[in-house]
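This is the structure I have questions about; it appears just below.
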2 protein chains.
Amino acid sequence: MELTTAEENYLKAIYHLSVEGKKSVSTNDIAAEIRTKPASVSDMLRKLGEKEVIQYRKYYGLQITPLGIQLALQTIRKHRLWEVFLVDKLNFAWDEVHEVAEQLEHIQSLLLIERLDAYLNYPKFDPHGDPIPDAFGDVRSRPRIALQEMEIDQSGQIVAVKDSSPAFLRYLDKVGAYIGARIKVLDKVEFDGSVEILVDQKKTLFMSKDVASNILVLTA
Amino acid sequence: MELTTAEENYLKAIYHLSVEGKKSVSTNDIAAEIRTKPASVSDMLRKLGEKEVIQYRKYYGLQITPLGIQLALQTIRKHRLWEVFLVDKLNFAWDEVHEVAEQLEHIQSLLLIERLDAYLNYPKFDPHGDPIPDAFGDVRSRPRIALQEMEIDQSGQIVAVKDSSPAFLRYLDKVGAYIGARIKVLDKVEFDGSVEILVDQKKTLFMSKDVASNILVLTA
DNA sequence: AAAATAAATTAGGTTAAACTAAAAAATAAT
DNA sequence: ATTATTTTTTAGTTTAACCTAATTTATTTT
Ligand SMILES: [Mn+2]
Ligand SMILES: [Mn+2]
Ligand SMILES: [Mn+2]
Ligand SMILES: [Mn+2]
């Protein structure tokens, strides 16, 4: 069973929206995620249904199948390994990798991805802190919460970002927030949900609710 | 000006057949090279003509333009750099790289290819001995002749292969011929054109005319 | 429960890239 | 110089992946 590039992109979007997000995924959600029109999505859902990577009843909704999950995870695995390669070996910044990985993830070669994995020393997380599925599709996920949901005085370590857009990542670079940083919540403002944190025991940082909710933390 | 993957493949084939080969390139030649039907080639030639990467007058023939050469060389550059990456970094054998490089060459990112070039230490030749064009499309080509055309007692160094098929490359591996090997022609058989050579001053090797004509040598 | 609104699908069209079969042009053979 | 052959192009289809506009189904509101 092989999927086209477009099919892989759709399936990946469906996986992200369903398995990692809410249970029910709408045609409009997928269209927004993939930046395409709902009519095109309907068309593709029928095709993915025929290929049995999703279970699809029109007007009712869809459910990704075990086969679909497995294939989606293989694409995600490739995407994240390439991101690690770009950052670790080619010195890309973490905000420069997504677009290129979006292309590289579709290269078809089992040997390539296994060799790449070995070459990178079997990394467990990508530059944005997202877990890299192994060759069998197993994902070791860490329990993590949004910084925005932490209590005052609670401390932890930044382990991932929810939003991987260049604008957001460059903002984090600018203020000095990074994956691996140890943080402690100093204050939370009731009024607008903004937070004040201490980074690496030396630098205090204010951030909006919007920013804080896109930073994922492993609490101690 | 951007080309699709199919257009890049056609243009690359046209470049190889015209610039590196004979002057006049037929529709059938291209069809054979790309493993497609002549009718499909005619269609594509019209499109490539409109994009001005070739000059095309139907029934008369085609000529690749300077713009076409430049674009073809960029694709060839990417192809060969990826081949070096696969062999040097991911331990691919030289007969395993072509198919994967055929896909990787179409990844679009200027940053990627410049960084890759730097990471590989600006290699000048790919694993098959073919020169890698630089970012400006300049190719440093060495004067090389087919082993088959060497005289008895003449010596030199294997610098490239004409045929990159896995079958041929694996045969060379088996008999112990490799790029960089110093050789000397011991004998040439008039009857069938086969040759006997001495490799690295220790091992003698017999090879058919067919094999010898696909090995390129830099004569001392 | 009917009407209004929102969401999803279908109908019909476009573009890229392939194909087969038929026609046209160029080349080779008599 | 015709005729025959080969090469190339055109005509007409197919498939994948998109689109807009129209229609159908589901959901909400009155
Ligand atoms: Mn992609
Ligand atoms: Mn990532
Ligand atoms: Mn290619
Ligand atoms: Mn090569």
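All chains are named by letter (A, B, ...) in the order of the sequence lines, taking the proteins before the strands, and each is independently numbered beginning at 1. For the numbers below, each heavy atom of this structure counts, side chains included, while hydrogens, waters and symmetry mates do not.
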Can you see if the side chain of A:Asn28 gets near the phosphate of C:dA8 - specifically, an N or O under 4.0 Å from OP1 or OP2? yes

From NZ (B:Lys124) to CG (B:Asp134), nearest 0.5 Å: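 Reported value, rounded in 0.5 Å steps: 7.5 Å.
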
I'd like a table of atom pairs between the protein and nucleotides 17-20 of chain D - only N or O on both sides, under 3.5 Å - with the distance next to each one.
residue : atom : partner : partner atom : Å
D:dA17  : OP1  : A:Thr4  : OG1          : 2.3
D:dA17  : OP2  : A:Lys47 : NZ           : 3.1
D:dC19  : OP2  : A:Thr36 : OG1          : 2.9
D:dC19  : OP2  : A:Lys37 : N            : 3.0
D:dC19  : OP2  : A:Ser40 : OG           : 2.5

Criterion side chain to side chain donor-acceptor pair (under 3.5 Å) on B:Asp163 and B:Ser165, from CA distance to verdict: CA-CA 6 Å; B:Asp163 179 349; B:Ser165 69; 3.0 Å; yes

Separation of C:dA8 atom C1' from A:Tyr59 atom OH, nearest Å, is 5 Å

Here the side chain to side chain donor-acceptor pair (under 3.5 Å) pairs for residues 29-45 of chain B, sequence neighbours left out, are B:Lys22-B:Asp29, B:Ser26-B:Asp29

Quick one: are A:Ile34 and A:Tyr10 in side-chain contact, heavy atoms under 4.5 Å?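 With C-beta onward as the side chain, the pair touches.
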
Within 45 degrees of the axis of the six-membered ring of A:Tyr119 and under 6.0 Å from its centre: does A:Lys89 put its NZ or CZ there? yes

In whole Å, I'd like the distance from the CG atom of A:Leu48 to the P atom of C:dA8. 16 Å

What is the distance, rounded to the nearest whole Å, between atom CG of B:Leu3 and atom C1' of C:dA17? 15 Å

Quick one: is D:dT9 close enough that its OP1 or OP2 comes under 4.0 Å of any side-chain N or O from B:Tyr56? yes

Roughly how many Å is it from CZ in B:Arg57 to P in D:dT8, rounded to a whole number?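 Distance, rounded to whole Å: 15 Å.
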
Assigned partner base of D:dT30, Watson-Crick or wobble definition, under 3.5 Å: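 D:dT30 is paired with C:dA1.
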
Decide side chain to side chain contact (heavy atoms under 4.5 Å, CB included) for A:His98 and A:His79; before the verdict, give the C-alpha distance in whole Å, the side-chain angles of both, and the deciding distance to 0.1 Å. CA-CA 8 Å; A:His98 190 76; A:His79 184 104; 3.4 Å; yes

Looking at B:Lys58, I'd like to know whether one of its side-chain N or O atoms comes within less than 4.0 Å of OP1 or OP2 on D:dT10.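 The answer is yes; a side-chain N or O of B:Lys58 sits under 4.0 Å from OP1 or OP2.
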
Distance, rounded to the nearest Å, where A:Arg46 contributes CZ and D:dT15 contributes P: 12 Å

Could you state the atom-to-atom distance from CG of A:Asn9 to P of D:dA16 in whole Å?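 The answer, rounded to whole Å, is 17 Å.
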
Calculate the interatomic distance between A:Tyr60 atom OH and C:dT9 atom P; express it in whole Å.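 Roughly 12 Å, once rounded to whole Å.
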
Counting neighbours of CG on B:Asp173 that are heavy atoms of other residues, nucleotides or ligands and sit closer than 6.0 Å, is the number greater than 12? yes

When we call it a touch if two heavy atoms are under 4.0 Å apart, what does B:Ser42 touch: a base, just sugar-phosphate, or nothing?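 Base contact - B:Ser42 has a heavy atom under 4.0 Å of at least one base atom.
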
